[in-house]
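No hydrogens, no waters, no symmetry mates; every other heavy atom, side chains included, goes into these values. Residue numbering restarts at 1 for every chain, and letters A, B, ... go by the order of the sequence lines.
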Amino acid sequence: MRRQLRSRRAPAFPYGYRYRLDDQDEVNQNYLADEEEEAEEEARVMVVHDLEEEEEEEEKEEEEKEEEEGQGQPTSNALWQKLQTVNEYLWDPEKRMSLARTGQSWRVMIRPFAHSLNFNFNVSEPDTWQHYVISLNGFLQGYNDSLQEEMNVDCPPGQYFIQDGNEDEDKKACQFKRSFLKNCSGLEDPTFGYSTGQPCILLKMNRIVGFRPELGDPVKVSCKVQRGDENDIRSINYYPESASFDLRYYPYYGKLTHVNYTSPLVAMHFTDVVKNQAVPVQCQLKGKGIINDVINDRFVGRVIFTLNIET
Amino acid sequence: MAQKTPEIYSVELSGTEDVGKTDTGDGKEKYRGLKDKRLELKKNHQKEELKKEVDLEDHKLSIKELERKYGTNIVTGLSSTQAAELLARNGPNALTPPKETPEIVKFLKQMVGGFSILLWIGAILCWIAYGIQYFNDKSSSLDSVYLGCVLALVVILTGIFAYYQEAKSTNIMASFSKMIPQQALVIRDSEKKTIPADIRLLSTQGCKVDNSSLTGESEPQSRSCEFTHDNPLETKNIGFYSTTCLEGTATGMVINTGDRTIIGQIASLASGVGHEKTPIAIEIEHFVHIVAGVAVSIGILFFIIAVSMKYYVLDSIIFLIGIIVANVPEGLLATVTVTLSLTAKRMAKKNCLVKNLEAVETLGSTSIICSDKTGTLTQNRMTVAHLWFDNQIFVADTSEDHSNQVFDQSSGTWASLSKIITLCNRAEFRPGQESVPIMKKVVVGDASETALLKFSEVILGDVMEIRKRNRKVAEIPFNSTNKFQLSIHETDDPSDKRFLMVMKGAPERVLEKCSTIMVNGQEQPLDDSTAEAFHTAYMELGGLGERVLGFCHLYLPADKFPETYSFDVDTVNFPTSNLCFVGLLSMIDPPRSTVPDAVTKCRSAGIKVIMVTGDHPITAKAIAKSVGIISANSETVEDIAKRLNIPVEQVSKRDAKAAVVTGMELKDMSPEQLDELLTDYSEIVFARTSPQQKLIIVEGCQRQDAVVAVTGDGVNDSPALKKADIGIAMGIAGSDAAKNAADMVLLDDNFASIVTGVEEGRLIFDNLKKTIAYTLTKNIAELCPFLIYIIAGLPLPIGTITILFIDLGTDIIPSIALAYEKAESDIMNRKPRHKKKDRLVNAPLAIYSYLHIGLMQALGAFVVYFTVYAQEGFRPSALINLRVEWEKDSVNDLEDSYGQEWTQYQRKYLEWTGYTAFFVGIMIQQIADLIIRKTRRNSIFQQGLFRNKVIWVGIASQIIIALILSYGLGSVSALNFTMLRPQYWFVAVPHAILIWVYDEVRKLFIRLYPGSWWDKNMYY
């Protein structure tokens, strides 16, 4: 429950809390405070964490110096281990996510890779689309059902997969099986629809450690023609059918502990697109508090690409 | 018409080889036709040589020939139409001011000088790079165009700034030169009159001129109509423009006007000669060469490395630009200008007006000062120095205000003497000066009489009133044949009907006329022993270099000379012998009271003071001794010879420290002999020299690698002033030509002001070292990011534009603040810097700044950078060789050390945060750098952390500018700044403290082990 509280508070705080890993109690006290009180206490807490951070940074410098000196012999084994721990886990998910980023919102990216995000191929010429297929196949290797079943757990859908415990404990990852992608899994159609002019494009959200979709609602994906005739795309199938990223894949605990984490995907199957012309497509994340109209960064909550399928 | 065109002098310049023989004026003359003249002048201007000989033949022509030549008539003059024609052809009778460099040329010079050329190259490379990029890919980003524009803008802005600074200091000069009292050209209401043009005298009556502004001879010279000398400067029938007619009248024909006068030619000649480069200009050039050398060689080295590491050539060019920008201290030259002008202002307050900013420092490196005597070392007025009466020599007070006359005034002899002094004197105060202190009152009369008038006014009170009471009935003025002056007065005692005859003059002449001498108020017969005493006193006073006058009087018996007696000075119907000798009085132009102290300071500062004067050797030596130019215990060869009673030739030259050299001796010396003289003797007086010889002396000193300061006031001094490393003109006595030629003007004509100037100059040199060391330090911190970026492939730690914000933003005020730093120790107790050995930027300075503090700073800034990246998710190990992926626009899910994924824009933003962090890291450490640069040897705590308040203004400015950049302009993406988390500002603090401690340790060891390896290599 504490975790939950903390996690829900965190995104609202641009500079968040920093705490020392060996001093968990103090932190917990902070987090146990009422929300209203917290707002009032913000200033005080900020001061505290500033001081702490300085200390930490000095520690970090020391440790860097020691690195320069060729791993100077630690006088005390305990100290050395502590330094190692600090070194490894100094960057707590919550701490990190509240750093001076451009804003805490999901970025998205698509697969397969395409130069300048132009999907330009000729159905009858496999050479023009073969590299997409290879790219997707490669990308989905990690999602193979057997691998997922072996490495990851099947956790209950519809809720966050919170794993309490020490920072340095390994975390379990939820299964995201390739078969979830149905027609776009490449299992039935190894060409992911490219051979029929119905290309599959996979959309994933960039991983952010500790970050969760807002307020417990899954984020949905919706694509449409960005500019031009909306009827250029007559139908899109999404897999999983919910077209959303299930909450159970969040939060992400970072690759140090969350070793086998596989990003959830939403596959977009463009089953009926106008051929022989460039169709600009914009796929957006939809959900409460999702930002998808930033101009500087064109990958915040959306991705724009063009489909130009020739027959 | 051509025949009638005035012949114009040409000014002949001869090479150094015949310098020795042309100065006294009896050298050969050269006759040049009118047609040669312009060509000749041009040639002369091109020659750098300054020796001159005047060609003029008008003084040899008869009056008839002159009339023919100038087409005029000596009785009727020119017709008005002729005059108008001549005016139109020759221009008005005025000197053209020296040519100004056109403003646009000055401006362009600023645009390409110093580092500007490097930055221009950088900017052009940027544009070329963009051009190529654009050619390949029409959508390429405008970044490099933008950078090029910024670089160009920086050059233009710093250029404008430097230009503005220079213009401002020139304006200060202009406004000051208005304040410099200009000698009035014509003093109509007095007896003095300045000659308005070069004139050939046609008739004269007791005419005397003061040619000092031209030839430096202070003695008045008589003028007549006869052609007496081949040399126009020596002949008596020419009166020169700007010289003063002291007495008598003369009529003459104008033969030359304006620039064609002798003086005009010398003036224009001197202003046409190029200046020597100032030592500080040489130092700055040296420094620019070092920095540019480092920049270009590192740039090219890494260009090659980058190309061989298979970077694109275009990228490599961008790296090259980054390296150049990081290496070039863009703001430094502007800072130096500001620093110099601050010092110039400070010096102006102390009566040293610096015309050329760079000359500020030159004075500090001066190792020889060739000083004038009259006016500079002395007060430039005759003053009564000694009296001899009652067989005793009395000393009079010669200080500037005469306030303290302590000699015994109770004797009856003094009563008589004072009466003679008062009455036998034609000088008078100019009316209307009641409120002016006596010593400052303007007097009409010659120098000796003025001295006597002021002397008696100070001691006796209202002299005019005394004279009124003792009405003058007859007078014979002084003339050179009589060598005495005589006047006859009624006495102020109504019961005494006798007339009093008073006489003063050359002592031996006066004594001849005396048969008695007054001792203790009683007349005694003049016997051999008293005559002996007189001679001893006369020789002694004369030996002091003083001008001695004898005084005698006679009460004319009332029976022979009744009240109604009519005295006739032409027939001399009164006795002029068997008078009663009363006393002697000697006068000297006394040294300024501040000068001995100033000379001592110069001496302890290792500066050799050489006196160069036109005066008599004895006078010169006496003054030199009294001001300490010849110190009390040093002797000349002649002194030793006299003491040991041996011939001069037998004296070992090594025994003598001092030397008095006359112009005649100097004339016969070869340059080698002069060099020997200058090196062998530490105390040298040149007497009876002509201004031309001053130039020879200056050149001699410069051959010893000395930085020579020369003072001068006459027009003829201007070549020497130009030739000197720093020419110092006298503000009050100096001619315009001298002021134009000089680098500095002493507003109060006081030698002591030079010493304050030296002090300021040395201080600024030290402080410039500190400024440069401060500025150079961060270059390494700015450079390392590029090198590591190229080699290790980290995301770029600091952007080019960010670097410019350090160089031209946060660092500017602090580096100027160092100019306000006080001296660490008594800078006047050390030797002047050797201009070839003690460089502004020496190896220890460069090494310590670049490799010690610079590297520490780079390390500290990298710690901040790595901290920021690590906290964002990129640990240092993950950053290695990340560059290619990092910069790829198409990669929008780059994974960090924690598995998070970053879009290109996010990375860009993080990169800018890194820039800001690196910037802040440097800024914080530059605060420590600023504090450590306050001293080079002493501990900061010895110097006082808070004594220089401007430093703290500098530190505050750094922090405020950085805060504004980060939080105020953090949202302007073009500037590449972001809002940095508060705690990142403190990451570099431990490093800053480390820098401080490190430098304190360095200074401690320097102080503990002077002369050690450490001292030699760590003291900059």
Side-chain angles (χ1 to χ4, degrees), chain A residues 14-15 18 46 49-54 56-58 60-62 64-65 67-68 87-88 90-91 93 95-103 107-111 113-117 204-211 252-259 261 263 294-300 303, chain B residues 137 139 859-860 862-878 888-910 912-914 916-917 921 966 970-971 973 978-991 993-994:
Chain A
Y15 291 120
R18 306 244 356 229
M46 287 295 284
H49 96 108
D50 274 358
L51 291 173
E52 281 170 12
E53 180 145 309
E54 247 175 85
E56 277 165 17
E57 266 142 19
E58 278 175 40
K60 185 175 162 297
E61 278 170 42
E62 280 166 34
E64 277 199 10
K65 264 171 238 153
E67 277 173 13
E68 279 152 26
N87 187 20
E88 287 297 296
L90 186 64
W91 301 280
K95 283 181 287 176
R96 249 178 292 125
M97 52 185 285
S98 53
L99 299 192
R101 291 269 191 85
T102 45
R107 267 87 176 160
V108 294
M109 197 53 203
I110 50 171
R111 288 289 185 278
F113 277 118
H115 182 68
S116 306
L117 300 181
K204 67 184 182 70
M205 300 206 289
N206 278 0
R207 289 191 291 264
I208 306 172
V209 174
F211 198 48
Y252 173 51
Y253 289 103
K255 73 175 178 187
L256 293 178
T257 50
H258 222 162
V259 183
Y261 182 83
S263 294
V294 175
I295 295 162
N296 280 337
D297 190 346
R298 288 180 305 108
F299 296 90
V300 178
V303 60
Chain B
D137 177 9
S139 66
L859 187 66
F862 266 108
V863 167
V864 188
Y865 162 84
F866 281 125
T867 306
V868 168
Y869 273 79
Q871 296 236 316
E872 295 283 321
F874 290 93
R875 309 214 1 234
S877 54
K888 238 182 223 165
D889 284 353
S890 58
V891 176
N892 279 293
D893 49 3
L894 183 72
E895 212 176 81
D896 66 16
S897 313
Y898 295 89
Q900 304 186 96
E901 290 163 321
W902 296 69
T903 63
Q904 188 267 337
Y905 181 80
Q906 277 179 300
R907 295 196 305 269
K908 199 82 210 162
Y909 193 84
L910 176 56
W912 293 343
T913 309
T916 314
S966 175
S971 48
S973 64
T978 62
M979 300 199 194
L980 204 61
R981 298 180 65 197
Q983 51 268 44
Y984 292 146
W985 292 70
F986 299 95
V987 177
V989 170
H991 269 261
I993 293 168
L994 185 68

Item to check | Partner chain A: residue of B:Asp889, B:Asn892, B:Thr903 with the largest heavy-atom pair count (under 4.5 Å) | outcome: B:Asn892

Next on the checklist: Let me confirm one number: the OH-CD distance from A:Tyr252 to B:Glu901, rounded to the nearest 0.5 Å.
Outcome noted: 8.0 Å

Item to check | Candidates A:Arg111, A:Met205, A:Arg107 - the one meeting side chain to side chain contact (heavy atoms under 4.5 Å, CB included) with B:Asp893 | outcome: A:Arg111

Checklist entry - Do the non-hydrogen side-chain atoms of B:Trp902 and A:Asn206 ever get within less than 4.5 Å of each other? => result no

Checklist entry - So, for A:Leu256 and B:Tyr898, which heavy atoms are closest and what is the spacing to 0.1 Å? => result CD1-CE2, 3.4 Å

Checklist entry - What part of B:Thr978 lies closer than 4.5 angstrom to a heavy atom of chain A: side chain, backbone, both or neither? => result neither

Checklist outcome for this item: Honestly, the part of B:Glu895 sitting under 4.5 Å from a heavy atom of chain A is side chain

Checklist outcome for this item: In this structure, CG of B:Asp896 is separated from NZ of A:Lys255 (nearest 0.5 Å) by 7.5 Å

